[in-house]
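Only one structure is covered here, and it is reproduced in the block below.
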Amino acid sequence: MKEVFRETELGMKGAVDHFHDELKHLRTGRASLTMLDGITVDYYGTPAPLNQLANLSVPDASLIVAAPFDPTQIAAIERSIRASDLGLNPSNDGKVIRIPVPALTEERRKEFAKKAHDLAEAARNGVRQARREGNEALKKKEKDKEISQDEEHRGLDEVQKLHDHYIGEINKSLEHKEAQIMEV
């Protein structure tokens, strides 16, 4: 039974961790290096993450500065940032790329909040799926007479407690992110 609990918890934790990673990419109106994590640049025919091609910094809350290691890649880096769906418009002075992070409009804030809700629902579905698999494994063990009915019921209760814990964690993270997004 401990094996079933461990696998169930790993599945649930994986869904929550993925949710947290996805939330990092959502804009909150402040400049953050994690906003640029998903951007890849065509570096001599090979896609490479932006953070491997430039030194990134955040000098203030509304600006990100990218200093490319290879100055010939400035145009490719700018193109990749513009092509991303972040709504950023970079400019360069030949040495560094300045990426101003505009304040979010009320409409964009609501869009990002809606996207956060969609991500949370996907994470909840992942947790529910892990619960379903755990419950099925326990029922199979009881059917195969590996555990008693009482152990099965205790196991189902334990899986439900894990489910409730991780769903609560998702809801708490969603509330926090939504507050960040809607903050002016």
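Below, all heavy atoms of this structure are taken into account, side chains as well, without hydrogens, waters or symmetry copies.
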d(I181 CD1, K114 NZ) to nearest 0.5 Å is 13.0 Å
Measuring from E133:CD to M12:CE, what's the distance to the nearest 0.5 Å? 9.5 Å
Nearest-0.5 Å distance, NZ of residue K110 to NE2 of residue H117: 12.5 Å
Indicate yes or no: at least one non-hydrogen side-chain atom of I81 is less than 4.5 angstrom from one of L50. yes
Residues in side-chain hydrogen bond (donor to acceptor under 3.5 Å, both in side chains) contact with N89, at least two apart in sequence or another chain: R82
Quick one: list whatever passes side-chain contact (heavy atoms from CB on, under 4.5 Å) with E9, sequence neighbours left out. L162, Y166
Side-chain donor/acceptor of E151 to backbone N/O of S148, under 3.5 Å: yes
Could you tell me whether R154 and D150 make a salt bridge, using a distance below 4.0 angstrom between a side-chain N and a carboxylate O? no
Heavy atoms of F19 and S173 approach each other most closely as CE2-CB, 3.8 Å
So do the side chains of E106 and M182 get within less than 4.5 Å of each other, counting heavy atoms only? yes
Would you mind reporting whether E152 and M1 have side-chain heavy atoms less than 4.5 Å apart? no
Got a sec, which residues hit salt bridge (Lys or Arg N to Asp or Glu O under 4.0 Å) with K13, two or more places apart in sequence or on another chain? D17
How long is the gap from CG on D21 to CG on D37, to the nearest 0.5 Å? 9.0 Å
Taking atom OG1 of T8 and atom CD of Q129, what is their separation to the nearest 0.5 Å? 11.0 Å
Are the side chains of L88 and M35 in touch, meaning some heavy atoms are under 4.5 Å apart? yes
Please answer whether the main-chain N or O of D42 pairs with a side-chain N or O of R79 as donor and acceptor at a distance below 3.5 Å. no
Validation row: L33, N51 side chains within 4.5 angstrom (heavy atoms): no
4.5 Å side-chain heavy-atom contact, K139 and E136: no
Measure across A15 and A123 and return the closest heavy-atom pair with its distance rounded to 0.1 Å. CB-O, 3.8 Å
Test of understanding: with salt bridge (Lys or Arg N to Asp or Glu O under 4.0 Å), list the residues that count as partners of E3, not counting sequence neighbours. R6
Indicate if Y43 and V96 have the same hydrophobic cluster label, given that clusters are the connected sets of ILVMFWY residues with side-chain heavy-atom separations under 4.5 angstrom. no
Please enumerate all residues that pass side-chain hydrogen bond (donor to acceptor under 3.5 Å, both in side chains) together with S32, with sequence neighbours excluded. T34
Any R98 side-chain heavy atom under 4.5 Å of P90 side chain: no
Please find the pair of heavy atoms, one from P47 and one from G45, that lie closest to each other, and give the distance. CD-O, 4.0 Å
Applying side chain to side chain contact (heavy atoms under 4.5 Å, CB included), run through I167 and H163 and close with a yes or a no. CA-CA 6 Å; I167 292 289; H163 167 270; 3.6 Å; yes
Sequence-distant partners of N92, side-chain contact (heavy atoms from CB on, under 4.5 Å), two or more places apart: I74, E78, I97
Partners meeting salt bridge (Lys or Arg N to Asp or Glu O under 4.0 Å) with R108 (sequence neighbours left out): E111
Who are the side-chain contact (heavy atoms from CB on, under 4.5 Å) partners of D157, not counting sequence neighbours? none
Kindly say whether T40 contributes a backbone atom to a donor-acceptor pair with the side chain of S80 at under 3.5 angstrom? yes
State whether D164 and K161 are salt-bridged, where the test is any N-O pair (Lys NZ or Arg NE/NH1/NH2 against Asp/Glu carboxylate O) under 4.0 Å. no
Under 3.5 Å, sequence neighbours excluded: what are the donor-acceptor pairs made by side chains of residues 54-70?
from, atom 1, to, atom 2, distance (Å)
D60, OD1, S62, N, 2.8
D60, OD1, S62, OG, 3.1
D60, OD1, L63, N, 3.3
D70, OD1, T72, N, 3.2
D70, OD1, T72, OG1, 2.7
D70, OD2, Y44, OH, 3.3
D70, OD2, T72, OG1, 3.1

Which residues satisfy the salt bridge (Lys or Arg N to Asp or Glu O under 4.0 Å) test with K141, sequence neighbours excluded? E146
Test side-chain hydrogen bond (donor to acceptor under 3.5 Å, both in side chains) applied to E121 - qualifying residues, sequence neighbours left out: R124, R128
Hits for side-chain hydrogen bond (donor to acceptor under 3.5 Å, both in side chains) against H18, two or more places apart or cross-chain, chain-then-number order -> none
Audit row: L36, I99, side chain to side chain contact (heavy atoms under 4.5 Å, CB included) steps and yes/no: CA-CA 11 Å; L36 305 176; I99 310 162; 4.2 Å; yes
CG/L23 to CD/E178 distance, rounded to the nearest 0.5 angstrom? 11.0 Å
Kindly indicate whether the side chain of D144, heavy atoms from C-beta on, has any atom under 4.5 Å from the side chain of K140. yes
